Amino acid sequence: MSYRIRRIVPHVVLLVYVVIVLYPLLFVINASLKNNSEITTNPWGLPQQWYFENYTNALSNALFGRYFLNSLYISATATVLTILLSTALAFALTRMRFRRPGQLVYGFLLLSLLIPPASLLIPLYIMVKDVGLYNTPFALIVPYTTFGLPLTVFIIAAFLKSIPRELEEAGVVDGLSIYGVLGRVVIPLTMPTLVTVFILNFINHWNEFIMANLFLSTQQLRTLPVAIVAFADQFNMNYGALTASITISIVPVIIIYALLQKKIIEGVAAGSIKG
Amino acid sequence: MNRIFRNHTAFLLFVIPPLVLYAAFYILPLFRSLQYSMTSWNGINEPVFNGWDNFSKALSDEQFWIALKNNVYFVLFSVFIQVPVIIWISILVSGVRRWLEFYKITVYLPSILSTASVAVIWQFVYQPEAGLVNQLLKGLGLESWVRLWLGDPDTSMLAILVTNGWQWTGFYIVLVLAAIFAIPREILEAGTMDGATGWRKAWFLTVPLIRPVVIVVLLLSITGAMKALDIVLIMTNGGPFGSSEVMATYMYKQAYSYSDFGYANAISIIICLFTAIISLIFHLLTRVRRGADEL
């Protein structure tokens, strides 16, 4: 009996936790299918009358596809740039024979992890304006790439240290140049780690709000997080349209998560142990 | 062989571009912030040097102290409430055989959503009439508990902390779980044979074995609490009456609402110093503990 209880108690606690996680999401989605009066009179039940107008209302005054593409373009470009630069830098630091300058650069990167990006926001805003990037996609791509560098370099470097040098030396014996070693030996071996850092960076860029809100002023250029907040302000008292717009913004993310969850969770866990 | 791995051109080609970006968009802004922090500047006219004025202004600015105090709440809530919950839940999840994957996937879900979405979802959850919290209280007959969670100075900060906890707890659980599963099986089995079960096993065996990751989680939640900005900005904008203001939102407002870029930069330098000091103290404390263990 007591053994049985000991087996069940953890599940009870965990299920309560799962309800805390899921319930707010389901509550919002459920509300989005009701009309405004039913949201307050019948908060718990399923909609008595499915009310899809909320979605047409939310979509009709938004450029949702546009925001989606903006987010995709900016996040993907910044992620690819971060990974290209980080792989080259991590390779140079761990594999090439220049100890002194290598250690100096590594120390420089370590230092940066102490500086909270929030405290760089205002000087960065001024710089973005000064160099003429303000209100262009590059106002985000360049800082995202830069801010992604330190952690990405650390994760890739940690992995590179674990692969035996003999593999690279064999490549050299076969007549590869340094670029050949990087492109044909190191990158293929590092692929799983590169996928991990790709996911980590992409999620960060996709979700970033402050800079996206501050460094772009044209509505056409908005990214999804900025658009969602603007929605929420606009539909403040219109619960139906508000919850519909929240649903539109989270459902694609949840679908992508459902498809990729294994990779995402493994990536985060692996990144934490190696980083 | 050596010649190929000592290729100067390749080394420079690999190292220079990231370093240039890094210097231009990370280091340079930091120095410029330091420079602007000693000026009186509205962002348009020429900055006028005024020495330490902005810093002494912060010391006597009541609203700044409230913001700082809220950051301290944020840190304390993370360290003393969130982290123990994270460890507890992680140990529970690691012990179950059935539904392990299901728990892992659901618990992590909120961390995948953008802070903007999370903030907007919870604005609705705290909504006075239609929101989940008040509807729940009314359903339970606790009418007197119903309130404007985000609009009440007594509860606004707590409401934000709960939301932030909801978003990030699962992320850290996944980190801690990975560490627990990385513990060699023999060690845990040996502990069980010696009679360590349940809480004794968790406290005397599992927690010490995962200490490195617990330290990482603590450090990440402390620095996370120091840089909290978007969640507060979206949910309450620091209000009502500055009750949920944190240093970063106060900095943001000084720049973009009051056009006081000099003062805003001084606050950003203070945030930077504060974070560095906390990280340093933390680093020293964990090092001292480690040293003591080795004796």
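Keep in mind that this is a model prediction, so the values were computed, not measured. Side chains are part of it too, since the values below use all heavy atoms of this structure and drop only hydrogens, waters and symmetry mates. Quick note on labels: first sequence line is chain A, next is B, and so on, each numbered from 1.
- Within the 4.5 angstrom heavy-atom criterion, only side-chain atoms of Ser279(B), from C-beta onward, approach chain A.
- A cation-pi geometry, defined here as NZ or CZ lying under 6.0 Å from the six-membered ring centre and within 45° of its normal, does not hold between Arg95(A) and Phe5(B).
- In this structure, the portion of Asn213(A) lying under 4.5 Å from any heavy atom of chain B is its side chain and not its backbone.
- If you measure heavy-atom distances from Thr41(A) to chain B, you find no contacts under 4.5 Å at all.
- Looking at Asn30(A), neither its backbone nor its side chain comes within 4.5 Å of chain B, counting heavy atoms on both sides.
- In this structure, Ile228(A) CD1 and Ser114(B) OG are separated by 5.0 Å, a value rounded to the nearest 0.5 Å.
- Smallest separation of non-hydrogen atoms from Met251(B) and Ile122(A): CG-CD1, 3.5 Å.
- Ranked by heavy-atom pairs under 4.5 Å with chain A, the list Thr115(B), Ile16(B), Leu177(B), Leu19(B) is led by Leu19(B).
- Nearest heavy atom pair, residue Phe11(B) against residue Ala92(A), reads CE1-O, 3.6 Å.
- Heavy atoms of Ile203(A) lying under 4.5 Å from chain B belong exclusively to its side chain.
- In terms of heavy atoms, Pro24(A) sits closest to Trp122(B) at CG-CZ2, 3.9 Å.
- Taking both residues in full, the closest heavy atoms of Ile4(B) and Leu176(A) are given as CD1-O, 3.7 Å, listed atom of the first, atom of the second, then distance.
- Rounded to the nearest 0.5 angstrom, Leu81(A) CG and Leu21(B) CG are separated by 8.0 Å.
- Heavy-atom distances place both the backbone and the side chain of Ile265(A) under 4.5 Å from chain B.
- To the nearest 0.5 angstrom, Ile105(B) atom CD1 is 10.5 Å from Ile264(A) atom CD1.
- Heavy atoms of Leu14(A) lying under 4.5 Å from chain B belong to its backbone as well as its side chain.
- For Trp166(B) (side chain) and Ile20(A) (main-chain N/O), a donor-acceptor pair under 3.5 Å exists by modelled atom type.
- For Gln167(B), no part lies under 4.5 angstrom from a heavy atom of chain A.
- Residue contact with chain A, scored on non-hydrogen atoms closer than 4.5 Å, involves the backbone and the side chain of Val15(B) alike.
- For Thr40(A), the parts lying under 4.5 angstrom from a heavy atom of chain B are both the backbone and the side chain.
- Residue contact with chain A, scored on non-hydrogen atoms closer than 4.5 Å, is absent for Lys138(B).
- Residue Ile173(B) touches chain A through its side chain alone, counting heavy-atom pairs closer than 4.5 Å.
- Nearest heavy atoms, Pro17(B) versus Leu85(A): CB-CD2, 3.8 Å.
- For Leu84(A), no part sits under 4.5 Å from any heavy atom of chain B, backbone or side chain.
- Distance check, rounded to the nearest 0.5 Å: NZ of Lys104(B) to CD of Gln261(A) gives 9.5 Å.
- The closest donor-acceptor contact from the side chain of Arg97(A) to the backbone of Arg6(B) lies at 3.5 Å or more, if one exists at all.
- Annotation: residues 25-33 of chain B contacts chain A through Phe25(B), Tyr26(B), Ile27(B), Leu28(B), Pro29(B), Leu30(B), Arg32(B), Ser33(B) [non-hydrogen atoms, separation under 4.5 Å].
- Contacts of Leu13(B) with chain A are made by side-chain atoms alone, with heavy-atom separations under 4.5 Å and no backbone atom involved.
- Looking at Leu109(B), the atoms closer than 4.5 Å to chain A (heavy atoms on both sides) sit in the backbone and in the side chain alike.
- Between chain A and the options His8(B), Gln35(B), Arg97(B), heavy-atom pairs under 4.5 Å are most frequent for His8(B).
- With a threshold of 4.5 angstrom between heavy atoms, Val105(A) approaches chain B through side-chain atoms but not through N, CA, C or O.
- Taking the six-membered ring for Trp and thresholds of 30 and 60 degrees, Phe108(A) and Tyr22(B) have ring planes more than 60 degrees apart, a perpendicular arrangement.
- With a 4.5 angstrom heavy-atom cutoff, Ile256(A) does not touch chain B via any of its atoms.
- The CG atom of Leu120(A) sits 11.0 Å away from atom NZ of Lys227(B), with the distance rounded to the nearest 0.5 Å.
- When heavy atoms are compared at a cutoff of 4.5 Å, Ile91(B) does not approach chain A at all.
- Val176(B) does not touch chain A: none of its heavy atoms, backbone or side chain, sits under 4.5 Å away.
- Side-chain rings of Tyr103(B) and Tyr17(A) stay apart, their centers remaining 6.0 Å or farther from each other.
- Atom CZ of Phe98(A) is separated from atom CG of Asn7(B) by 7.0 Å, given to the nearest 0.5 angstrom.
- Across all non-hydrogen atoms, the minimal contact from Ser117(B) to Ser249(A) is OG-OG, 3.9 Å.
- Interface remark: Ala90(A) contributes no atoms to any contact with chain B (heavy atom separation under 4.5 Å).
- Heavy-atom distances place no part of Ile29(A) under 4.5 Å from chain B, backbone and side chain included.
- For Tyr256(B), the part sitting under 4.5 Å from any heavy atom of chain A is the side chain, from C-beta outward, and nothing else.
- For the set Ile254(A), Val128(A), Ile250(A), the count of heavy-atom pairs under 4.5 angstrom toward chain B peaks at Ile250(A).
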